[in-house]
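One structure is given below, encoded as structure tokens.
Note: hydrogens, waters and symmetry copies are ignored here, and every other heavy atom, side chains too, is used. Worth saying up front: this structure is predicted, and the values here are computed from it rather than measured.
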Amino acid sequence: LDDITVPYTKYGNFLVLNGEDGPFCTSGSSQEFVKNRGALPNPKWSEDDYFGKDRTDFLVRNQVFDWFIGNFDTHHKNFLVGRDGQYHAIDKGQAFRFYGKDELSHTYDTPKVWTPVYNDMWTHYIEGACEVDLDAAEKVITAIEAIPDQEIEEILRPYALEREKSLQAFNSTDSAFVSADDFIDAVIERKNSLRGDFEHFYTEMQQRRAESEKRSDPVSRELIDTGR
């Protein structure tokens with residue numbers, strides 16, 4: 001999965017020195033620091049060529065992975081531009097949070113995080129404001145499909161058990177899957193349906209773009225207005 005360029009991430013115990021009541025120990029994950037020029041600017045008030053090919057290829061690849069892990073905390077500030085110009089996806093802390101209640105859609109947005117930059121990209125695509133190479137997703141889809149079901153279960157089992165305890169303790173309804181077994185089965189099912197899910201999604205995006213182009217065409221618009 002090198003094509004998604006997520007910095008090395010490690011789970012473990014950490015000493016926090018600047019706690020409100022002094023130093024304390026906690027567990028969690030940390031990501032390798034990426035020397036960068038800053039995050040992607042907000043696409044809502046950025047340059048006209050915001051969604052150029054290099055950037056859209058990167059976003060298409062990462063959307064596949066983020067859908068697989070159910071991560072919708074994918075606003076523009078969670079994508080860094082390295083000093084070498086390479087893009088990096090950071091902060092996957094919201095992964096699996098809304099699993100089973102999420103949607104692969106260009107309008108889906110969770111109520112507790114910022115709007116995904118993917119939504120902006122697809123809106124631009126539908127409006128004809130940028131091009132998107134759908135083939136850019138192929139390597140990531142193939143790589144995820146190649147992960148054996150048993151390996152996914154072995155990797156996720158410790159996390160899934162703790163996740164179940166946490167969801168029950170907080171009586172959370174964010175996800176459709178609470179039990180460890182149901183959650184793991186859902187992740188494996190999403191992995192195995194990944195290609196079909198994106199084929200359906202890309203077809204829908206192409207259809208929406210065709211409809212948008214038809215509405216914007218003067219001749220087509222006249223036919224629509226006159227009912228012909």
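Checked for salt-bridge contact, Arg97 and Asp102 miss the test: no charged N lies under 4.0 Å from a carboxylate O. Using a 4.0 Å cut-off between charged nitrogen and carboxylate oxygen, Glu211 and Lys214 do not count as a salt-bridge pair.
With no hydrogens or angles considered, a side-chain donor-acceptor pair links Tyr118 and Asp66 at under 3.5 Å. A side-chain donor-acceptor contact under 3.5 Å links Glu138 and Thr142.
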Discussion item. Test side chain to side chain contact (heavy atoms under 4.5 Å, CB included) on Asp149 and Lys191; report intermediate values, then the result.
Written reply: CA-CA 9 Å; Asp149 293 357; Lys191 187 265 293 189; 2.6 Å; yes
Discussion item. Please determine whether side chain to side chain contact (heavy atoms under 4.5 Å, CB included) holds for the pair Phe79 and His76, giving the CA-CA distance in whole Å, both sets of side-chain angles, and the decisive distance to 0.1 Å.
Written reply: CA-CA 6 Å; Phe79 296 97; His76 62 97; 5.6 Å; no
Item to complete: Could you check Val117 against Tyr50 for side chain to side chain contact (heavy atoms under 4.5 Å, CB included), going step by step and ending with a plain yes or no?
Response: CA-CA 11 Å; Val117 71; Tyr50 185 94; 4.1 Å; yes
Practice prompt. Could you walk me through whether Val140 and Gln63 pass the side chain to side chain contact (heavy atoms under 4.5 Å, CB included) test, one step at a time?
Written response: CA-CA 10 Å; Val140 180; Gln63 186 180 25; over 6 Å; no
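Between Phe68 and Val187, some side-chain heavy-atom pair lies under the 4.5 Å cut-off.
Distance check, rounded to the nearest 0.5 Å: NZ of Lys101 to OG1 of Thr110 gives 13.0 Å. Atom CH2 of Trp67 and atom CD1 of Ile141 lie 13.0 Å apart (nearest 0.5 Å). In this structure, His106 NE2 and Glu204 CD are separated by 7.0 Å, a value rounded to the nearest 0.5 Å. Atoms CG and CH2, from Asn42 and Trp114 in turn, are 8.0 Å apart once rounded to the nearest 0.5 Å. Taking CD1 from Ile147 and CD1 from Ile152, the interatomic distance works out to 5.0 Å, rounded to the nearest 0.5 Å. Distance check, rounded to the nearest 0.5 Å: CD1 of Ile69 to CD of Gln94 gives 11.0 Å.
Judged by distance alone, with hydrogens and angles left aside, the side-chain atoms of Lys139 form no donor-acceptor pair with the main-chain N or O of Arg61 at under 3.5 Å. Under a 3.5 Å cut-off, the side chain of Asn78 and the backbone N or O of Thr74 do not form any donor-acceptor pair. Remark: the backbone N or O of Arg208 is not paired with any side-chain donor or acceptor of Ser212 at under 3.5 angstrom. Proximity of a side-chain donor or acceptor of Asp73 to a complementary backbone N or O of Gly93 within less than 3.5 Å is not detected. Listed for the Ser193 side chain is no donor-acceptor partner under 3.5 Å among the backbone atoms of Gly196. Proximity of a side-chain donor or acceptor of Tyr87 to a complementary backbone N or O of Leu59 within less than 3.5 Å is not detected. With His124 contributing its side chain and Asp120 its backbone, the two residues share a donor-acceptor pair below 3.5 Å.
In this structure, Phe201 has its ring center closer than 6.0 angstrom to the ring center of Trp122. If you look at Phe96 and Phe183, their ring centroids are closer than 6.0 Å.
Heavy-atom minimum distance, Phe198 versus Val64: CZ-CA, 3.6 Å. Ser105 approaches Asn119 most closely through the heavy-atom pair O-OD1, 4.0 Å. The two atoms that bring Ser172 and Asp174 nearest to each other are OG-N, 3.3 Å, heavy atoms only. Here the closest heavy-atom approach between residue Ala95 and residue Asn71 is recorded as N-OD1, 3.9 Å. Arg83 and Arg37 make their closest contact through O-NH2, 3.2 Å (heavy atoms, listed as atom of the first residue, atom of the second, distance).
Phe177 and Leu161 are assigned to two separate hydrophobic clusters, defined by single-linkage of ILVMFWY side chains at heavy-atom distances under 4.5 Å. Under the 4.5 Å side-chain heavy-atom criterion for Ile, Leu, Val, Met, Phe, Trp and Tyr, Ile155 and Phe65 are members of distinct hydrophobic clusters.
Annotation for Lys77: atom NZ does not count as buried by contact number, only 12 or fewer foreign heavy atoms lying within 6.0 Å. For Glu189, the CD atom is loosely surrounded, since the number of other residues' heavy atoms within 6.0 Å does not exceed 12.
In this structure, Leu167 belongs to a hydrophobic cluster whose other members, linked by side-chain heavy atoms under 4.5 Å apart, are Val178.
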Could you go through residues 126-137 and list every donor-acceptor pair under 3.5 Å that involves a side-chain atom there, pairing it with any protein atom two or more places apart or in another chain?
{"unit_1": "Glu131", "atom_1": "OE2", "unit_2": "Arg209", "atom_2": "NH2", "d": "2.7"}
{"unit_1": "Asp133", "atom_1": "OD1", "unit_2": "Asp135", "atom_2": "N", "d": "3.1"}
{"unit_1": "Asp133", "atom_1": "OD2", "unit_2": "Lys53", "atom_2": "NZ", "d": "3.2"}

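Relative to the ring axis of Tyr99, Arg190 places its NZ or CZ within 45° and under 6.0 Å from the centre.
By the 30° and 60° cut-offs, the orientation of the rings of Tyr108 relative to Phe72 is perpendicular.
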